[in-house]
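To keep things clear, I will list the structure first and then write my remarks on it.
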Number of protein chains: 2
Amino acid sequence: MNTKKLKEEFRAFLKKHNYKITKNRLDLIDIIANYKKHFEIEELVNYIQNTQKLASRATIYRTVKLLMDFGIIKEIIKQNNKTIYEFCTQEGHHDHLVCVSCGRIIEFFNEDIENLQEEICLKHNFLPTYHRLEIFGLCEQCLKKKQPIQEK
Amino acid sequence: MNTKKLKEEFRAFLKKHNYKITKNRLDLIDIIANYKKHFEIEELVNYIQNTQKLASRATIYRTVKLLMDFGIIKEIIKQNNKTIYEFCTQEGHHDHLVCVSCGRIIEFFNEDIENLQEEICLKHNFLPTYHRLEIFGLCEQCLKKKQPIQEK
DNA sequence: TTCTATGCAAAAATTTTGCATGTCG
DNA sequence: CGACATGCAAAATTTTTGCATAGAA
């Protein structure tokens, strides 16, 4: 992925907030943009420290928070004591189906649901910042696998 | 709250799953049913251990899981590293607006959103078990408080 | 030069678990 | 009696933090 523009915007973001532009931060945004779309922090830490020996765990945690403020990372799934993050370019918000059996994540976007949420917030004089809709269940593949057992 | 019927059902649930019917379990369902609708476990542990000296932290954690299986407790909000549970009788599912400033939780239910979710699952051959929709933002009261500051 | 970022290890916060003992069926 | 539940303390897991040092502005 070409992260040139992204990095420019991130530089601007850092400057605006009086944060320093460091090699670590620029490298991390690069690595994350090119890593899996969905990931857990621990996994990311292992990846980063096994391949390139860049940042410490503490810095990675701190940078992930920064990138959430910047808006290109979201906590999309909170299940048990795990958090799954998603790298996401600004535009494309969507929600997720999560298979509780295999962990598969299926993205979906439904304009009507989004609009209904807006309406609900208006009705409650609530100013929404972000939302998270997680639908947990069994994906197609896992359903197929389980069917034969249920037939006994 | 009259928990007689609830406890009967819980007894049946325990029997069905070959769990034992213990004083701890029956007392805990009573306490939780009469505690706050929305709560965190740590808070509940403190409450239980300060008032009646009933169960240990371990037993409370284990019982909360049981009650989730039983279906009268749900993890409705996962924010930062906190989990907020809700005591909920089987019927009334709903979702939540969460004020990130004061922590206020506003319940809402929208049939259309529920139906649309069903449709989406069907389309993906996904068998949903449960879902969680959290809308984070600012509640009416906090908005009012912040307005004057923003006007400066 | 000054202030922020970083790494490290330690601490904090939350949840789980092994094991000896108690209790239910 | 035998199996499961409980309490305790220890361990595991995930995240945060204090502090000394390095690096950006």
Side-chain angles (χ1 to χ4, degrees), chain A residues 7 10-32 38-50 52-70 73-85 103, chain B residues 7 10-32 38-50 52-70 73-85 103:
Chain A
K7 272 152 87 173
F10 189 42
R11 289 183 113 101
F13 169 86
L14 292 172
K15 207 164 263 173
K16 182 177 151 205
H17 291 265
N18 275 87
Y19 296 137
K20 293 190 169 161
I21 294 165
T22 65
K23 182 173 181 322
N24 253 328
R25 286 173 175 167
L26 294 176
D27 285 352
L28 280 174
I29 198 172
D30 240 336
I31 290 172
I32 290 174
H38 301 137
F39 61 90
E40 292 173 36
I41 288 201
E42 200 51 31
E43 194 195 312
L44 182 70
V45 170
N46 288 337
Y47 171 73
I48 288 174
Q49 303 199 327
N50 290 340
Q52 35 257 311
K53 300 211 182 305
L54 257 172
S56 67
R57 161 174 278 95
T59 296
I60 293 170
Y61 268 90
R62 290 189 271 232
T63 305
V64 161
K65 292 217 158 165
L66 254 189
L67 293 176
M68 281 204 276
D69 281 351
F70 178 46
I73 282 183
K74 284 187 193 140
E75 295 178 349
I76 53 157
I77 292 158
K78 293 256 191 182
Q79 200 188 5
N80 306 325
N81 311 312
K82 297 244 174 290
T83 298
I84 297 178
Y85 291 84
Chain B
K7 272 153 84 173
F10 191 41
R11 288 183 114 100
F13 169 86
L14 291 173
K15 209 165 264 176
K16 182 177 152 205
H17 290 266
N18 274 86
Y19 296 138
K20 294 194 167 154
I21 295 165
T22 66
K23 183 176 183 318
N24 252 328
R25 288 174 174 166
L26 294 175
D27 284 352
L28 281 174
I29 199 173
D30 239 337
I31 290 172
I32 291 174
H38 300 137
F39 61 91
E40 293 174 36
I41 287 202
E42 200 51 31
E43 195 194 313
L44 182 69
V45 170
N46 288 337
Y47 171 72
I48 288 174
Q49 304 200 327
N50 290 341
Q52 35 258 307
K53 300 212 183 306
L54 258 173
S56 67
R57 161 174 277 96
T59 296
I60 293 172
Y61 268 91
R62 291 189 271 231
T63 305
V64 161
K65 292 217 158 161
L66 253 189
L67 293 177
M68 281 204 277
D69 280 351
F70 178 47
I73 282 182
K74 283 186 194 140
E75 296 179 347
I76 53 157
I77 292 158
K78 293 257 191 181
Q79 199 187 6
N80 306 322
N81 312 312
K82 296 242 174 293
T83 298
I84 297 178
Y85 291 84

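All chains are named by letter (A, B, ...) in the order of the sequence lines, taking the proteins before the strands, and each is independently numbered beginning at 1.
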Rounded to the nearest Å, what distance is computed from the [atom1] atom of residue [X] to the [atom2] atom of nucleotide [N]?
| X | N | atom1 | atom2 | result |
| --- | --- | --- | --- | --- |
| A/Lys82 | D/dA12 | NZ | C1' | 11 Å |
| A/Gln49 | C/dC8 | CD | C1' | 11 Å |
| B/Glu75 | C/dT14 | CD | C1' | 13 Å |
| A/Ile60 | C/dG7 | CD1 | C1' | 11 Å |
| A/Glu42 | C/dT14 | CD | P | 19 Å |
| A/Arg57 | D/dT15 | CZ | P | 10 Å |
| B/Glu43 | C/dA13 | CD | P | 16 Å |
| B/Asn18 | D/dC4 | CG | P | 8 Å |

Ring geometry between A/Tyr19 and A/His17 (parallel below 30°, tilted from 30 to 60°, perpendicular above 60°): parallel
Whether B/Tyr85 and B/Phe39 hold their rings parallel, tilted or perpendicular, with breakpoints at 30° and 60°: parallel
Rounded to the nearest 0.5 Å, what separates atom [atom1] in [X] from atom [atom2] in [Y]?
| X | Y | atom1 | atom2 | value |
| --- | --- | --- | --- | --- |
| B/Arg11 | B/Leu26 | CZ | CG | 5.0 Å |
| B/Thr63 | B/Phe70 | OG1 | CZ | 13.0 Å |
| A/Ile41 | A/Ile60 | CD1 | CD1 | 8.5 Å |

Is a side-chain N or O of [X] found less than 3.5 angstrom from the main chain of [Y], in a donor-acceptor match?
| X | Y | value |
| --- | --- | --- |
| A/Glu75 | A/Ile84 | no |
| B/Lys20 | B/Leu14 | no |
| B/Glu40 | B/Thr83 | no |
| B/Lys78 | A/Asn80 | yes |

Pairwise 5' ranking along DNA chain D for B/Thr59 and A/Ile41, keeping only the more 5' one: B/Thr59
Residues A/Lys82, A/Ile77; criterion side chain to side chain contact (heavy atoms under 4.5 Å, CB included); working and verdict: CA-CA 8 Å; A/Lys82 297 244 174 290; A/Ile77 292 158; over 6 Å; no
Strand-adjacent residues in residues 24-32 of chain A, judged by heavy atoms under 4.0 Å from DNA chain C: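 Per residue number, the list reads A/Asn24, A/Arg25.
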Shortest non-hydrogen contact from A/Ile29 toward A/Lys7: CG2-CG, 3.5 Å
Trace of the side chain to side chain contact (heavy atoms under 4.5 Å, CB included) decision for A/Lys65 with A/Tyr61: CA-CA 7 Å; A/Lys65 292 217 158 165; A/Tyr61 268 90; 6.0 Å; no
Please list each protein N or O that sits under 3.5 Å from an N or O in nucleotides 22-25 of chain C, with the distance.
| from | atom 1 | to | atom 2 | distance (Å) |
| --- | --- | --- | --- | --- |
| C/dC24 | O3' | B/Ile21 | O | 3.4 |
| C/dC24 | O2 | B/Lys20 | NZ | 3.2 |
| C/dG25 | OP1 | B/Ile21 | N | 3.4 |

Sugar-phosphate, base or nothing in reach of B/Lys53, heavy atoms under 4.0 Å: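 Nothing: the residue B/Lys53, judged by heavy atoms under 4.0 Å, touches no strand.
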Touch class at under 4.0 angstrom, heavy-atom based, for A/Leu54 against every strand present: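 Here A/Leu54 touches the backbone only, sparing every base.
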Nearest-nucleotide comparison on DNA chain C, the residue closer to the 5′ end among B/Tyr61 and A/Arg62: A/Arg62
All N/O pairs under 3.5 Å across the protein-nucleotides 9-12 of chain C interface:
none

